[in-house]
Amino acid sequence: MVRSKVSWSCVVQGVEAQVVDTPDQVAVECGDQQLSYQTLNRRANHLGFFLQAMGVKADVPVAICLPRSLDMAVAVLGVLKAGGAYLPLDPHLPTERLAFMLAEARPAVVLGHSQSVARLPDLDAPVVLTDADGLHPEREDAPPRHENPDDLTYIIYTSGSTGR
């Protein structure tokens, strides 16, 4: 497991700067789908506010169980905007591996699609389906962030050689 305390505020600020400079330019592409900087930022802001309302703040891990997609990009940026730390979970990993990662990291929230989270073991954390309606508040501004360079940014589990 790698726990990063590198500040990702530059990523959030970089996206927000691009929204001002080139709002309609493509920010993220996946297959034949695209999101502009403005759309990516708006969706991440919505998710950031939602996560903050669920108690996500500095050093609080949020698991993201999504395939590589536009939704994954929105989820990572949304977690960072909320101030939390993201834990990517590959939905194709064996259930035992996912259970280990979830038990050790103890995320406060799990984000995913209805199909991707169906394979997860029983969870102590609430599951938020990003493909469901009702996640998006009416606000268009960015959620407040209280950044500290010592805050946890992400948790990555590597295959390693320990067998765990």
Side-chain angles (χ1 to χ4, degrees), residues 1-16 18 27-30 35 40-132 135-136 142-164:
M1 171 177 61
V2 176
R3 289 181 175 263
S4 170
K5 293 193 176 227
V6 175
S7 174
W8 279 80
S9 63
C10 60
V11 171
V12 172
Q13 291 170 350
V15 169
E16 290 171 350
Q18 284 300 121
V28 182
E29 269 186 277
C30 187
L35 288 179
L40 170 64
N41 191 59
R42 185 181 69 247
R43 289 185 186 176
N45 283 344
H46 292 166
L47 183 57
F49 274 115
F50 184 86
L51 291 171
Q52 284 181 342
M54 293 189 74
V56 174
K57 57 185 178 188
D59 295 330
V60 173
V62 175
I64 301 173
C65 188
L66 291 166
R68 291 182 187 191
S69 61
L70 298 179
D71 285 344
M72 175 65 140
V74 170
V76 169
L77 188 59
V79 170
L80 295 175
K81 283 179 169 269
Y86 69 92
L87 165 66
L89 299 175
D90 181 344
H92 299 104
L93 286 174
T95 304
E96 298 79 24
R97 177 75 172 152
L98 293 169
F100 169 79
M101 294 163 64
L102 288 164
E104 187 170 272
R106 295 178 304 189
V109 178
V110 177
L111 299 174
H113 288 162
S114 37
Q115 290 180 340
S116 64
V117 298
R119 295 191 57 248
L120 294 179
D122 290 334
L123 301 166
D124 292 331
V127 174
V128 175
L129 300 177
T130 59
D131 54 346
L135 285 184
H136 307 295
R145 293 187 311 274
H146 306 285
E147 297 169 4
N148 181 324
D150 291 328
D151 290 346
L152 186 65
T153 304
Y154 63 87
I155 302 170
I156 301 288
Y157 284 84
T158 60
S159 59
S161 59
T162 65
R164 289 183 23 178

Heavy-atom closest contact ([X] atom, [Y] atom, distance):
{"X": "L102", "Y": "A63", "result": "CD2-CB, 4.1 Å"}
{"X": "T95", "Y": "P121", "result": "CG2-CD, 4.3 Å"}
{"X": "A108", "Y": "P126", "result": "O-CD, 3.1 Å"}
{"X": "C65", "Y": "L120", "result": "SG-CD2, 4.0 Å"}
{"X": "V117", "Y": "G112", "result": "CG1-CA, 3.7 Å"}
{"X": "E104", "Y": "Y157", "result": "OE2-OH, 3.0 Å"}

Verdict with reasoning, R43 to L70, per side-chain contact (heavy atoms from CB on, under 4.5 Å): CA-CA 11 Å; R43 289 185 186 176; L70 298 179; 5.5 Å; no
Okay, side chain of [X], backbone of [Y]: is any donor-acceptor separation there less than 3.5 Å?
{"X": "D151", "Y": "D59", "value": "no"}
{"X": "Q52", "Y": "G83", "value": "no"}
{"X": "S116", "Y": "P91", "value": "no"}

side-chain contact (heavy atoms from CB on, under 4.5 Å) between L89 and L93, intermediate numbers included: CA-CA 8 Å; L89 299 175; L93 286 174; 6.0 Å; no
Summary of side chain to side chain donor-acceptor pair (under 3.5 Å) pairs that have at least one residue in residues 64-75, sequence neighbours excluded: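 Sorted result for residues 64-75: D71-H113.
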Any residue meeting salt bridge (charged side-chain N to carboxylate O under 4.0 Å, His left out) with E16, in chain and number order, not counting sequence neighbours: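 Partners of E16 under the salt bridge (charged side-chain N to carboxylate O under 4.0 Å, His left out) test: K81, R145.
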Rounded distance (nearest 0.5 Å) linking atom CD of Q115 with atom CG of L66: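 So the CD of Q115 and the CG of L66 are separated by 11.5 Å.
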Atom pair CG (L47) and CG (L77), whose distance is rounded to the nearest 0.5 Å: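 If we round to the nearest 0.5 Å, L47:CG and L77:CG are 9.0 Å apart.
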Steps toward side-chain contact (heavy atoms from CB on, under 4.5 Å) verdict (M54, V62): CA-CA 11 Å; M54 293 189 74; V62 175; over 6 Å; no
Contact check, side chains of V79 and L111, non-hydrogen atoms, under 4.5 Å: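 V79 reaches L111 side chain to side chain.
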